[in-house]
K.L.:
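Quick one: the structure is below, and I'll ask about it shortly.
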Amino acid sequence: MGLTKQYLRYVASAVFGVIGSQKGNIVFVTLRGEKGRYVAVPACEHVFIWDLRKGEKILILQGLKQEVTCLCPSPDGLHLAVGYEDGSIRIFSLLSGEGNVTFNGHKAAITTLKYDQLGGRLASGSKDTDIIVWDVINESGLYRLKGHKDAITQALFLREKNLLVTSGKDTMVKWWDLDTQHCFKTMVGHRTEVWGLVLLSEEKRLITGASDSELRVWDIAYLQEIEDPEEPDPKKIKGSSPGIQDTLEAEDGAFETDEAPEDRILSCRKAGSIMREGRDRVVNLAVDKTGRILACHGTDSVLELFCILSKKEIQKKMDKKMKKARKKAKLHSCKGEEEDPEVNVEMSLQDEIQRVTNIKTSAKIKSFDLIHSPQGELKAVFLLQNNLVELYSLNPSLPTPQPVRTSRITIGGHRSDVRTLSFSSDNIAVLSAAADSVKIWNRSTLQCIRTMTCEYALCSFFVPGDRQVVIGTKTGKLQLYDLASGNLLETIDAHDGALWSMSLSPDQRGFVTGGADKSVKFWDFELVKDENSTQKRLSVKQTRTLQLDEDVLCVSYSPNQKLLAVSLLDCTVKIFYVDTLKFFLSLYGHKLPVICMDISHDGALIATGSADRNVKIWGLDFGDCHKSLFAHDDSVMYLQFVPKSHLFFTAGKDHKIKQWDADKFEHIQTLEGHHQEIWCLAVSPSGDYVVSSSHDKSLRLWERTREPLILEEEREMEREAEYEESVAKEDQPAVPGETQGDSYFTGKKTIETVKAAERIMEAIELYREETAKMKEHKAICKAAGKEVPLPSNPILMAYGSISVSKIELEESLLVLPFSYVPDILKLFNEFIQLGSDVELICRCLFFLLRIHFGQITSNQMLVPVIEKLRETTISKVSQVRDVIGFNMAGLDYLKRECEAKSEVMFFADATSHLEEKKRKRKKREKLILTLT
């Protein structure tokens with residue numbers, strides 16, 4: 001058997017050209033002890049950390065495959081929780097940039113993530129309508145909260161009480177008691193989806209944003225406070241319109257539904273509304289950490305800011321109002337003295353929540369984040385729809401605060417989709433052009449080295465010598481740029497319609513263009529005198545025109561420059577002789593127009609890609625179709641041969657890039673990574689690199705490795721990946737007593753949990769074998785009357801132990817057959833007696849008892865094992881508790897000692913003391929300077 005043809009594998013090398021993706025949200029992160037300087041933004045499957053001051057990318061948190069949909073920094077600022085499109089959550093350390101913890105529990109995209117005040121728990125909401133609360137420290141799921149009927153939009157922990165409040169697209173706001181894990185109140189006062197909610201005024205007030213221009217304000221009263229007889233009655237608050245109080249009281253039943261009066265933990269009453277200027281839905285509603293500034297925006301480019309006044313400020317305002325009212329009363333009545341005590345001023349919602357200003361950004365806002373500095377300055381950072389990050393700052397305490405744009409990150413990407421890509425002849429520079437600009441990138445560093453404004457670009461190439469580039473535009477113009485200066489040298493009106501395609505002639509003296517005006521034009525390069533300088537500059541002149549009956553979609557020269565292939569709107573490809581422009585061949589067979597095509601380096605083959613999803617390979621000598629391949633699940637957008645070979649790449653609207661062999665008609669490999677339609681790609685002249693651009697705004701670089709690719713192995717890997725996906729989509733295992741499809745646990749079955757269960761089974765089988773061997777060995781030793789060496793197990797020698805990650809533990813134990821459980825219980829007993837990992841073993845033990853309760857209790861053989869376990873567990877757990885208690889007392893003592901020695905408050909107050917000292921020192925220094 002002859003040697004199979006060897007291919008080399010292409011792998012993903014980098015993602016660039018994207019500043020921030022639309023699906024996720026932007027957040028401020030604390031890095032190197034600095035707040036308000038660094039932001040985390042989703043970038044396809046990765047998270048980029050940008051330095052706003054320098055405009056540089058300083059850290060990439062590497063994702064796997066799925067797009068990022070949600071970000072949330074931990075309260076200590078050391079970690080970042082990242083939610084993905086497939087429902088997984090990863091927690092990254094901002095110090096190392098590594099994702100140490102993964103949570104799998106949701107079946108659909110994560111829509112909201114929130115930490116509790118200490119950062120020990122994380123609540124996640126998803127499009128699958130579930131909320132899961134995770135224990136971040138123990139790396140496990142605590143419980144799943146079911147009740148919403150549509151995607152979750154927001155979830156918030158309360159600081160003082162163990163409650164959670166969530167909103168959803170099902171128009172509901174639900175309150176959950178986390179001690180009992182049930183929903184004790186549902187607020188039904190909204191007619192449309194609830195898109196956001198915030199808690200204000202020491203959690204005594206809730207503000208919700210829906211699909212209208214009203215922000216509804218709710219007063220929250222907690223049960224203990226209601227029952228307290230010494231508490232004065234809360235002031236009546238007048239709503240935005242007169243007489244709203246009576247209607248509110250009348251409709252009180254409509255705003256909330258309670259299970260029973262004894263289930264009440266809190267009561268919620270509508271206090272009124274704040275009207276937004278925007279008429280569309282609320283997209284984001286947020287409050288800064290101090291709880292002073294409230295901000296919201298709709299689907300437009302305006303962020304509305306409101307200030308929440310403190311009790312002192314409200315009192316001042318009310319006193320002023322009272323004075324005014326008294327003055328008015330005196331003026332209106334002759335007997336002012338008598339009517340003075342009757343003056344009554346009611347406090348309205350507008351007195352408590354004041355509009356500050358609006359921030360207008362340069363494009364539609366996708367998400368924002370706020371940070372309020374101790375100096376009183378408010379910073380707002382925005383992720384915009386057009387791949388842009390902007391930072392604004394303002395001082396809300398001024399009478400008329402003016403927002404100022406302090407920085408923006410623009411250079412790292414285009415504002416719109418990249419429609420054309422080209423490589424320079426030395427494989428180093430990459431050109432990308434979009435609707436507004438041309439950018440030149442350094443392939444090795446991925447830095448943008450030139451940005452030049454242009455019209456809507458459709459095609460491009462580097463002029464031989466790599467000093468100039470030519471762009472073809474949607475309006476039919478040719479634009480010629482000089483790379484050294486970044487100047488536009490010349491604009492030529494080439495076609496009356498869009499200039500769809502250009503092809504550089506093999507002799508490098510000219511090129512050919514095809515446009516929507518049904519013509520193909522031939523151009524030559526020439527040097528003309530520059531009026532601005534003494535030197536000559538490059539220009540182009542038209543030499544010939546070929547008029548056709550249909551719009552031209554694509555043109556391509558054959559390498560020997562004898563033939564020209566032209567793809568037309570009538571679904572055919574016509575081949576002409578270049579010298580005489582006479583018709584030679586017509587290639588017909590596609591059902592829809594041919595969008596892209598390329599001719600191989602030896603001129604023997606032409607490959608055409610069409611909107612009918614097929615790629616056809618033709619012989620260029622007789623125009624016969626060698627093979628028709630069903631290439632993509634959507635239109636084939638781009639096709640290019642690898643130089644000096646019969647291999648070619650195709651890019652499709654199905655988000656995939658595929659490599660094919662035109663001789664054997666084999667599909668070699670699929671490059672997956674883009675999350676949206678791919679518009680174009682470029683193969684480097686050496687064939688070592690491929691760059692692709694997509695509707696997800698990203699450019700991706702793929703690199704050829706030295707690793708050989710065997711087709712049979714590749715197909716096998718594809719089948720395995722398919723199987724793994726189907727395993728993850730199987731029905732969840734049923735637990736006795738639960739209805740099928742209703743998952744009681746927080747985990748989800750994935751291929752990892754199945755593999756973990758198999759590893760546990762292997763380990764138990766190994767244990768069984770080894771215990772049997774040990775018994776035999778003891779018997780042999782007894783018979784021989786001396787110690788015989790024990791043969792060692794090679795697997796144990798190699799691995800030492802078989803491990804399962806904490807997060808996969810419960811799901812893998814759930815999959816485990818019951819026949820293995822008795823052995824596990826015996827082993828647990830031994831481990832607990834040894835005192836190793838008591839907490840972890842107890843967690844596994846209680847889980848197994850919960851899911852196999854019936855079988856364990858009815859099995860007589862296991863009764864003594866359970867009895868032993870009960871004794872050892874109770875004693876060991878109390879030992880562990882004693883140790884922890886002792887350690888905590890010791891730490892407390894050390895803290896008091898330190899405080900006594902340094903006479904400063906520890907931890908919490910130390911930083912604020914330090915900042916105060918610094919401020920005072922700076923003031924002193926300024927004073928000395930002014931005096932001198």
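Small disclaimer: the values here were computed from a predicted structure and weren't measured.
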K.L.:
Using a strict threshold of under 4.0 Å (side-chain N to carboxylate O), is an ion pair present between Arg715 and Glu722?
P.N.:
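No salt bridge links Glu722 with Arg715.
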K.L.:
Side chains of Thr451 and Ser437: any donor to acceptor distance under 3.5 Å?
P.N.:
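Per modelled atom types, Ser437 and Thr451 side chains form no pair under 3.5 Å.
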K.L.:
Please verify the inter-ring angle class for Phe648 with Trp660; under 30° counts as parallel, over 60° as perpendicular, anything in between as tilted.
P.N.:
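Parallel: the ring planes of Phe648 and Trp660 meet at under 30°.
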K.L.:
Of the non-hydrogen atoms in Lys521 and Ala494, which two are nearest, and what is the gap between them?
P.N.:
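Lys521 and Ala494 have their closest heavy atoms at NZ-O, 2.6 Å.
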K.L.:
Take a 6.0 Å sphere around OH of Tyr588 and say whether it holds more than 12 heavy atoms from other residues, nucleotides or ligands.
P.N.:
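Check fails, neighbour count at 12 or below.
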K.L.:
Check the orientation of Trp50 and Phe48. Use parallel for under 30°, tilted for 30 to 60°, and perpendicular for over 60°.
P.N.:
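Perpendicular, since the angle between the ring planes exceeds 60°.
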K.L.:
Between Ser567 and Val594 (side chain of the first, backbone of the second, donor and acceptor by atom type, cut-off under 3.5 Å), is there such a pair?
P.N.:
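Yes, the answer is positive, given that a donor and an acceptor are paired below the 3.5 Å cut-off.
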K.L.:
Does Arg613 pair with Asp634 as a salt bridge, N-O distance under 4.0 Å?
P.N.:
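Salt bridge: no.
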K.L.:
Which is it for Thr608 and Trp618 under the side chain to side chain donor-acceptor pair (under 3.5 Å) test, yes or no, and what are the steps along the way?
P.N.:
CA-CA 8 Å; Thr608 57; Trp618 317 74; 2.9 Å; yes
K.L.:
Under a 3.5 Å distance rule, please check whether Gln561 uses its side chain to pair with a backbone N or O of Asp507 as donor and acceptor.
P.N.:
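At least one qualifying donor-acceptor pair exists.
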K.L.:
Considering non-hydrogen atoms only, spot the tightest contact between Asp633 and Asp654 and give its length.
P.N.:
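Looks like N-OD2, 3.0 Å.
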K.L.:
Does either side chain, that of Lys364 or that of Thr299, offer a donor lying less than 3.5 Å from an acceptor on the other one?
P.N.:
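There is no such pair between these side chains.
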K.L.:
Is a side-chain donor or acceptor of Ser424 paired with a backbone partner of Ala429 at a separation under 3.5 angstrom?
P.N.:
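Side chain of Ser424 to backbone of Ala429: a pair is present.
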K.L.:
Tell me whether Gln669 contacts the main-chain N or O of Glu714 through its side chain, where contact means a donor paired with an acceptor under 3.5 Å.
P.N.:
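Such a contact is absent between Gln669 side chain and Glu714 backbone.
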K.L.:
Looking only at heavy atoms, what is the nearest atom pair of Ser501 and Val555, with distance?
P.N.:
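Heavy-atom minimum between the residues: OG-N, 3.0 Å.
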K.L.:
With heavy-atom distances below 4.5 Å as the criterion, would you say the side chains of Glu455 and Thr475 are in contact?
P.N.:
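In contact.
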K.L.:
Regarding Lys23 and Glu85, does a basic nitrogen lie under 4.0 Å from an acidic carboxylate oxygen?
P.N.:
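A salt bridge links Lys23 with Glu85.
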K.L.:
Contact between Val15 and His46 at the side-chain level, heavy atoms closer than 4.5 Å - yes or no?
P.N.:
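They are in side-chain contact.
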K.L.:
Among residues at least two apart in sequence or on other chains, which ones pass side chain to side chain contact (heavy atoms under 4.5 Å, CB included) with His655?
P.N.:
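So His655 forms no side chain to side chain contact (heavy atoms under 4.5 Å, CB included) with any residue.
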K.L.:
Starting from the C-alpha separation in whole Å, work towards a yes-or-no answer on side chain to side chain donor-acceptor pair (under 3.5 Å) for Asp661 and Tyr7.
P.N.:
CA-CA 9 Å; Asp661 184 344; Tyr7 305 103; 2.5 Å; yes
K.L.:
Could you tell me whether the side chains of Gln508 and Ser505 share a donor-acceptor contact shorter than 3.5 Å?
P.N.:
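There is no such pair between these side chains.
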K.L.:
Output, in order, the C-alpha distance, side-chain angles, deciding distance and verdict of side-chain contact (heavy atoms from CB on, under 4.5 Å) for Leu480 and Leu488.
P.N.:
CA-CA 6 Å; Leu480 188 62; Leu488 173 64; 5.7 Å; no
K.L.:
How would you list all residue pairs meeting ring-ring contact (aromatic ring centres under 6.0 Å, His included) that involve residues 524-559, not counting sequence neighbours?
P.N.:
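Found Phe511-Phe525.
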K.L.:
Report yes if some heavy atom in the side chain of Leu629 is under 4.5 Å from a heavy atom in the side chain of Lys616; otherwise report no.
P.N.:
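Result no, sub-4.5 Å side-chain heavy-atom pair not found.
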K.L.:
With no hydrogens and no angle check, is any side-chain donor or acceptor of Asp551 less than 3.5 Å from a backbone partner on Lys518?
P.N.:
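Side chain of Asp551 to backbone of Lys518: no pair is present.
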K.L.:
Could you check Trp679 against Ser694 for side chain to side chain donor-acceptor pair (under 3.5 Å), going step by step and ending with a plain yes or no?
P.N.:
CA-CA 5 Å; Trp679 297 127; Ser694 160; over 6 Å; no
K.L.:
Can you check whether Thr543 reaches Trp523 side chain to side chain, under 4.5 Å on heavy atoms?
P.N.:
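Heavy-atom side-chain distance check fails, nothing below 4.5 Å.
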K.L.:
Below 4.5 Å, heavy atoms only, C-beta onward: do Pro464 and Leu504 meet side chain to side chain?
P.N.:
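In short, these two side chains touch, coming nearer than 4.5 Å.
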K.L.:
Could you check whether Glu45 and His675, counting side-chain N and O atoms only, form a donor-acceptor pair closer than 3.5 Å?
P.N.:
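Checked: His675/Glu45 side chains pair up, N/O donor to acceptor below 3.5 Å.
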K.L.:
With side chains defined as the heavy atoms from C-beta onward, is the minimum distance between Val430 and Ile440 less than 4.5 Å?
P.N.:
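Contact flag for Val430/Ile440 side chains = no.
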K.L.:
How would you list, by chain and number, every residue that makes a side chain to side chain contact (heavy atoms under 4.5 Å, CB included) with Leu581, sequence neighbours excluded?
P.N.:
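Side chain to side chain contact (heavy atoms under 4.5 Å, CB included) list for Leu581, sorted by chain: Phe522, Arg544, Leu546.
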K.L.:
May I ask you to decide if His414's main-chain N or O and Asn387's side chain share a donor-acceptor pair within less than 3.5 Å?
P.N.:
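Yes, Asn387 side chain to His414 backbone: donor-acceptor pair under 3.5 Å.
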K.L.:
With the side chain counted from C-beta on, respond yes when Val389 and Phe382 share a heavy-atom pair under 4.5 Å apart, and no when they do not.
P.N.:
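Heavy-atom side-chain distance check fails, nothing below 4.5 Å.
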K.L.:
Taking the side chain as everything from C-beta on, heavy atoms only, tell me whether His601 gets closer than 4.5 Å to His646.
P.N.:
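Yes, at least one pair of side-chain atoms sits under 4.5 Å.
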K.L.:
So, Ser416 side chain and Ala435 main chain: donor-acceptor pair closer than 3.5 Å or not?
P.N.:
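Such a contact is found between Ser416 side chain and Ala435 backbone.
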K.L.:
Hey, mind stepping through Ser301 and Thr361 against side chain to side chain donor-acceptor pair (under 3.5 Å) and telling me if it holds?
P.N.:
CA-CA 5 Å; Ser301 59; Thr361 57; 4.6 Å; no
K.L.:
Using 4.0 Å as the upper bound for N to carboxylate O, is an ion pair formed by Asp688 and Arg704?
P.N.:
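A salt bridge is present here (some side-chain N lies under 4.0 Å from a carboxylate O).
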K.L.:
Name all residues meeting the side chain to side chain contact (heavy atoms under 4.5 Å, CB included) criterion together with Cys680; count only those two or more places apart in sequence or in a different chain, and write none if there are none.
P.N.:
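Residues passing side chain to side chain contact (heavy atoms under 4.5 Å, CB included) with Cys680: Leu421, Tyr638, Ser693.
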K.L.:
Could you name each residue pair satisfying ring-ring contact (aromatic ring centres under 6.0 Å, His included) that touches residues 486-505, not counting sequence neighbours?
P.N.:
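Those involving residues 486-505 do not exist here.
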K.L.:
For Ser610 and Pro593, which heavy atoms make the closest approach, and how far apart are they?
P.N.:
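Looking at all heavy atoms of both residues, the shortest contact is OG-O, 3.1 Å.
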K.L.:
Does Tyr10 offer a backbone N or O that forms a donor-acceptor pair with the side chain of Thr705 under 3.5 Å?
P.N.:
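Side chain of Thr705 to backbone of Tyr10: no pair is present.
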K.L.:
Determine whether Trp441 and Phe16 satisfy the following criterion, side-chain contact (heavy atoms from CB on, under 4.5 Å), listing intermediate values before the conclusion.
P.N.:
CA-CA 10 Å; Trp441 308 82; Phe16 62 108; 3.7 Å; yes
K.L.:
Work out which heavy atom in Ile575 is nearest to a heavy atom in Leu587; give both atom names and the distance.
P.N.:
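In terms of heavy atoms, the two residues are closest at CD1-CD1, 4.2 Å.
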K.L.:
Between Asp417 and Lys697, is the salt bridge (Lys or Arg N to Asp or Glu O under 4.0 Å) condition met? List the steps.
P.N.:
CA-CA 6 Å; Asp417 295 1; Lys697 301 275 196 302; 3.6 Å; yes
K.L.:
Measure centre to centre between the rings of Trp702 and Tyr689, then say whether the value is under 6.0 Å.
P.N.:
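They do not qualify: ring centres at least 6.0 Å apart.
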K.L.:
How far apart are the C-alpha atoms of Val47 and Ile60, what are their side-chain angles, what is the distance that settles it, and do they pass the side-chain contact (heavy atoms from CB on, under 4.5 Å) test?
P.N.:
CA-CA 6 Å; Val47 177; Ile60 298 175; over 6 Å; no
K.L.:
In terms of heavy-atom contacts, does CG of Asp530 have more than 12 from other residues, nucleotides or ligands at under 6.0 Å?
P.N.:
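Atom CG in Asp530 is crowded, with more than 12 foreign heavy atoms closer than 6.0 Å.
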K.L.:
Do the charged groups of Arg405 and Glu390 touch, with an N to O distance under 4.0 Å?
P.N.:
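Salt bridge between Arg405 and Glu390, a charged N being under 4.0 Å from a carboxylate O: yes.
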K.L.:
Would you list the pairs meeting side chain to side chain donor-acceptor pair (under 3.5 Å) in which at least one residue belongs to residues 577-587, sequence neighbours left out?
P.N.:
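For residues 577-587: none.
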K.L.:
Ignoring hydrogens, what is the shortest heavy-atom contact between Glu490 and Leu538? Give both atom names and the distance.
P.N.:
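That would be OE1-O, 4.3 Å.
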K.L.:
Is there a side-chain contact (heavy atoms from CB on, under 4.5 Å) between Val463 and Val470? Walk through the geometry before answering.
P.N.:
CA-CA 7 Å; Val463 175; Val470 179; 3.6 Å; yes
K.L.:
I'd like to know if the side chain of Thr69 reaches the main chain of Gly24, judged simply by a donor and an acceptor atom lying under 3.5 Å from each other, with no hydrogens or angles considered.
P.N.:
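Judged by distance alone, no pair lies under 3.5 Å.
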K.L.:
Just by modelled atom types, is the Ala433 backbone N or O under 3.5 Å from a matching donor or acceptor in the Thr420 side chain?
P.N.:
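No, because the side chain of Thr420 does not come within donor-acceptor range (under 3.5 Å) of the backbone of Ala433.
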